[in-house]
Colleague: 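Encoded as structure tokens, here's the structure I'll be asking about.
Start at 1 and go down the list; that is how both ligands and their atoms are numbered. This one's a predicted model, so the numbers in the text were calculated from it and none came from an experiment. For reference, positions follow the sequence shown, starting with 1.
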Amino acid sequence: MTPDPLPFLSFDAQHAPLRGEVLEAMARVYDKSWYVMGGALEAFEQAWATFCGAPHCVGVGNGYDALVIALKVCGVGPGDEILVPAHTYVATWHAAAQTGARLRPVEPDVATMNLDTTQLRQHITPRTKAILPVHLYGQACNMTDVMAFAREHNLVVIEDNAQAHGATWAGRRTASFGHANATSFYPTKNLGALGDGGALTTADATLDGQARQFRNYGFSAKNVCAERGINSRLDELQAAVLKVKLQHLVQWNDARRMLARQYTAQLQAVGDIILPEVHREAEHVYHLFVIRTQRRDALKEALQKKGIETMVHYPVPPHLQRAYEDFGFRKGEFPLAEQIADTALSLPLWPGMTEEMVMRVCDAVRGFY
Ligand SMILES: Cc1ncc(COP(=O)(O)O)c(C=O)c1O
């Protein structure tokens, strides 16, 4: 008999109770007949800025564009160098690389799997212009160290907040530290749109104005095109949906943390499993619950046989992707990033997942060992 499938992620428990409210918000946009750059976008921009504790927010088409625009308005370009995590989703690297700047990857701290800030110093050169910390899997990077290092070396800081909506470092929410910060609202994120979406946050009114101009073809006023900008606007429907969903984000993050606590309690000292470690200054929002094991592929297969879907974030580090062949990185050059790529396994976790489901996953993991 084939076991009941236990998916990696399900939207049902989040979306079913909000169905009426979300459809009403969409209907209001429909009836208003104004679909791009209107009141729904403005309202969401304000709400997201307030949530993050950042004075300004600019809604854009997706998280990648938010990074691209952040790098653009911060003046990062050819001849510059950017410090990027060696262990991240490839979108971070793509955004940094399209500036024409040189990428300087920094190894992760294997405990938190975030950028190891103690290694920043060895990668600094006179050309270093920016640092791009990623709050991976839902845990903030060490922003005390990042900001101190950036001040010391006069660097621009751009947070990649795609995976850490609502996470905090030293009591302060992510996307509020850097000069210009990028968030993705891809559907699977902690706050997900019903399609693509993204936002840039900043405390700097000038950067805010520049980002607004750049996302809309470079128009500074009607029929006045000041620069060759791009088209990357968060549309009214997505903004309206995100505004409704944002009201539930804190509660959804709490639910994620509760499930993570249960996983952590159940998987203590099981086989060779290394559980995610949370820095004492960080409040994790568990976009993903990532364990590590030398037997990753075998464990994944055993869970699959029991109907339990898991994922790997990410099996190939950016420096070993074909897309970066021309950068000349070698296998073995970033051994810690490679080690995580070989051993990481993301277990199912979503708001609305039940304790029984977590128990089923944990029983299956114990059974494997
Ligand atoms: C760490 C990270 N950076 C950037 C992105 C890019 O976001 P998007 O897919 O909305 O362009 C993502 C998500 O896909 C991500 O996980």
Colleague: Ligand 1 and Y89, any nitrogen or oxygen pair closer than 3.5 angstrom?
Modeller: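 No; every N/O pair is 3.5 Å or more apart.
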Colleague: Which of the numbered atoms in ligand 1 are below 4.0 angstrom from a heavy atom of A91?
Modeller: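 Close to A91: 4 (C), 5 (C), 6 (C).
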Colleague: Need the ligand 1 atom indices (1-based, order shown) with element for anything under 4.0 Å from a heavy-atom of V134.
Modeller: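 In order of numbering, the contacting atoms are 1 (C).
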Colleague: Give the atoms of ligand 1, by number and element, whose distance to some non-hydrogen atom of N62 is under 4.0 Å.
Modeller: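 So the atoms of ligand 1 that pass are 10 (O), 11 (O).
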Colleague: Are E356 and R360 ion-paired here, with the side-chain N under 4.0 Å from a carboxylate O?
Modeller: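 Answer for the salt bridge query: no.
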Colleague: Would you indicate whether Y89, at its atom OH, is surrounded by more than 12 heavy atoms from other residues, nucleotides or ligands within a distance under 6.0 Å?
Modeller: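 No - once you tally the heavy atoms of other residues, nucleotides and ligands closer than 6.0 Å, there are 12 at most.
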Colleague: Using a 6.0 Å distance limit plus a 45 degree cone around the ring axis, check whether R228 lies over the aromatic ring of Y217.
Modeller: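 The answer is no; the distance or angle limit is not met.
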Colleague: Between D208 and T202, do the side chains contain an N or O donor and an N or O acceptor separated by less than 3.5 Å?
Modeller: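 Not at all, the side chains of D208 and T202 share no donor-acceptor pair under 3.5 Å.
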Colleague: Against heavy atoms of Y64, which atoms of ligand 1 measure under 4.0 Å?
Modeller: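 Answer, ordered by atom number: 6 (C), 7 (O), 8 (P), 11 (O).
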Colleague: Using distance alone, determine whether Q163 and ligand 1 share an N or O pair under 3.5 Å.
Modeller: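 Right, the criterion is met.
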Colleague: Can you tell which part of D65 has a heavy atom less than 4.0 Å from ligand 1: side chain, backbone, both or neither?
Modeller: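 For D65, no heavy atom sits under 4.0 Å from ligand 1.
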Colleague: Say whether E338 and H319, considering side chains only, have a donor N or O and an acceptor N or O under 3.5 Å apart.
Modeller: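 There is such a pair between these side chains.
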Colleague: Any carboxylate oxygen within less than 4.0 angstrom of a Lys/Arg side-chain nitrogen, looking at E333 and R104?
Modeller: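 So E333 does not pair with R104 through a salt bridge.
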